[in-house]
Every structure is written in structure tokens, then in C-alpha cells.
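Notes for the one structure printed next.
These figures come from a predicted structure and were not determined experimentally.
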Amino acid sequence: MQKIKKVCVYCASSDKIDQKYFEATKVLAKALAKNNTTVVYGGGARGLMGQLADTILEEKGRIIGIMPHFMKEVEFHHKDVNEFIFTADMHERKKQFMVGVDALITLPGGCGTFEELMEAITLKRLGIFTKPIVILNLDGYYDNLLTMLETAIEHGFMGEVHRNIWTVFTDPSKVLETIQQSTPWSSDAINFAQA
């Protein structure tokens, strides 16, 4: 089994969400820390971002925040993470999220999380990014998005093979197993991007 050394976690900054999302984030963070997996995330101190960072730090794990300078100016950033990378803008931030990671993990989130996930799916479809993309579909949170992707495949806007771009899981404690079980992907995907 290949060692998962570094992952990026896409997640929300909102505090106005059900406690179950915080609990799931805590479980997932503990699994990553126990595996000595370095976590890269959006750098926030609140919401699921804050829960992720706090739990990783409590478990003596390593977490790296990545955030544009303008967010630091309004004090969104978590001041205790192991390392911080400040970028010029949101585009550079998203590029940095993918540098050297073994997988992308998507937790429930809002429009920012959706946008990050969809860009990652697009880049994987083109073979630019080839690592596993796993989606925590807690209590059906992502059902509608997954249905939309399935509709795109059914109507020919994406190919049948593109279902292998992402892997869905429902138990946050199984994040590492889910990554390991994801279908391998190749940079040759550009050749069937229009499939």
C-alpha cells in the first residue's frame, strides 16, 4: 500500500453549520494525523477549516495553510499552523493546493469548496492533475452535485470513463482507505477528455 504523505483538504469556513460536520472533520483529521500525513488547507481559523487545523495540531500532526494576502489583512488566517504560504490571489492559492499532494479531499462546503472541487475535476479530466479526488458525502450533502455530474455523463457532456475522476465516501474515518482504492489516472487523459 502506497504511503499517503501529503493531502489537500477543501473545506468550509462557516461556523453556522450543523455540529455533525465538525465531528466528521475531527474524525477525518485524526485519521490523517495518525498516518503522519501532512495536510494542506485554506488556512482559515473558523468553521471546518478551524476544526481541521485545531485537530491536526492537537494530534501533533503537520498542517500547512495557504491563503491570499488580502484574507490575512482581515485576520481570517489560523495563527498556529506549522507553516503558512501567502499567495498573490485566489488563483495562485488553488495552484499551490495541488503542489506535491497525493490526493485531494473534499469535505462539505459552500461555493468556494464547490469551485475548488470542480476545477480539480476539470484539471484531472485534462490529465493536468492525476491524483485521487475523494468527496465526503456526509448524509447526502453532495447528492445533488453528484446527480448533476451523472446528468452530464448521461447527456454526453462527459464520458463514461470520467466517473473514475472522483471517488465518494461517507465514513470520514475511511479517508485513507478511500484514497488507496481510487481508480488510477494518467496524464494521457487529455486524449479522451472529449469522450
Side-chain angles (χ1 to χ4, degrees), residues 4-124 128-129 131-139 141-142 144-145 166 172 175 179:
I4 300 166
K5 298 177 183 175
K6 184 179 180 183
V7 298
C8 175
V9 179
Y10 297 145
C11 56
S13 60
S14 175
D15 286 325
K16 300 174 182 176
I17 56 178
D18 194 284
Q19 188 61 32
K20 67 184 177 183
Y21 298 114
F22 290 96
E23 292 302 321
T25 301
K26 188 183 294 187
V27 170
L28 183 137
K30 285 183 177 182
L32 295 172
K34 183 178 179 184
N35 191 60
N36 294 316
T37 301
T38 297
V39 175
V40 175
Y41 85 120
R46 299 176 61 189
L48 300 188
M49 284 196 200
Q51 182 69 72
L52 178 73
D54 290 344
T55 305
I56 294 287
L57 293 169
E58 286 165 10
E59 298 293 317
K60 309 298 185 210
R62 178 163 174 74
I63 186 159
I64 301 168
I66 302 176
M67 180 179 284
H69 286 287
F70 77 86
M71 287 185 170
K72 180 184 179 183
E73 291 168 10
V74 291
E75 298 186 10
F76 287 166
H77 73 294
H78 197 297
K79 295 174 176 63
D80 296 324
V81 298
N82 303 107
E83 180 182 344
F84 229 102
I85 299 169
F86 290 102
T87 63
D89 54 36
M90 296 290 277
H91 298 291
E92 182 60 29
R93 178 198 210 186
K94 287 186 294 177
K95 285 171 67 174
Q96 286 293 322
F97 281 153
M98 296 185 182
V99 174
V101 298
D102 297 312
L104 299 176
I105 301 164
T106 304
L107 303 185
C111 59
T113 303
F114 301 157
E115 194 264 342
E116 290 162 348
L117 172 61
M118 293 309 297
E119 179 169 316
I121 287 172
T122 302
L123 292 175
K124 191 165 176 179
I128 296 168
F129 181 80
K131 303 298 183 179
I133 298 171
V134 300
I135 302 168
L136 178 61
N137 190 26
L138 189 69
D139 290 344
Y141 183 80
Y142 279 112
N144 290 334
L145 178 59
W166 60 87
V175 61
I179 292 168

Can you tell me how far [atom2] of [Y] sits from [atom1] of [X], rounded to the nearest 0.5 angstrom?
{"X": "L32", "Y": "R62", "atom1": "CG", "atom2": "CZ", "answer": "14.5 Å"}
{"X": "Y10", "Y": "E115", "atom1": "OH", "atom2": "CD", "answer": "9.0 Å"}
{"X": "H69", "Y": "T87", "atom1": "NE2", "atom2": "OG1", "answer": "7.0 Å"}
{"X": "F86", "Y": "H77", "atom1": "CZ", "atom2": "NE2", "answer": "4.5 Å"}
{"X": "N82", "Y": "T38", "atom1": "CG", "atom2": "OG1", "answer": "8.0 Å"}
{"X": "I128", "Y": "M98", "atom1": "CD1", "atom2": "CE", "answer": "9.5 Å"}

Check residues 43-58 and write down every donor-acceptor pair under 3.5 Å in which the side-chain atom is one partner and the other belongs to a residue at least two apart or another chain.
residue: R46; atom: NE; partner: D15; partner atom: OD2; Å: 2.9
residue: R46; atom: NH2; partner: D15; partner atom: OD2; Å: 3.0
residue: Q51; atom: NE2; partner: T55; partner atom: OG1; Å: 3.0
residue: D54; atom: OD1; partner: H78; partner atom: NE2; Å: 2.7
residue: T55; atom: OG1; partner: Q51; partner atom: O; Å: 2.8

Heavy-atom distance under 4.5 Å between the side chains of [X] and [Y], does that happen here?
{"X": "D89", "Y": "E92", "value": "yes"}
{"X": "W166", "Y": "T106", "value": "no"}
{"X": "K124", "Y": "I121", "value": "no"}
{"X": "L145", "Y": "M118", "value": "yes"}
{"X": "K94", "Y": "E116", "value": "yes"}
{"X": "I17", "Y": "F22", "value": "yes"}
{"X": "R93", "Y": "Q96", "value": "no"}
{"X": "V81", "Y": "I64", "value": "no"}

Residue pair [X] / [Y]: nearest heavy atoms and the distance that separates them:
{"X": "P172", "Y": "A24", "result": "CB-O, 3.4 Å"}
{"X": "G109", "Y": "A12", "result": "CA-CB, 3.8 Å"}
{"X": "P68", "Y": "M90", "result": "CG-SD, 3.5 Å"}

Practice task
List the steps, then state whether side-chain contact (heavy atoms from CB on, under 4.5 Å) holds for K95 with E119.
Solution key: CA-CA 10 Å; K95 285 171 67 174; E119 179 169 316; 5.7 Å; no
Completion exercise
With L107 as partner, the option from L136, V175, I135 fulfilling side chain to side chain contact (heavy atoms under 4.5 Å, CB included) is L136
Exercise for the section: On the 0 to 90° scale, with breaks at 30° and 60°, tag the F114-Y142 ring pair as parallel, tilted or perpendicular. Expected result: perpendicular
Practice task
Give the C-alpha distance, both sets of side-chain angles, the deciding distance and a yes or no for side-chain contact (heavy atoms from CB on, under 4.5 Å) between V7 and V101.
Solution key: CA-CA 5 Å; V7 298; V101 298; 5.5 Å; no
Problem - Other residues, nucleotides, ligands: >12 heavy atoms within 6.0 Å of K20 NZ - result: yes
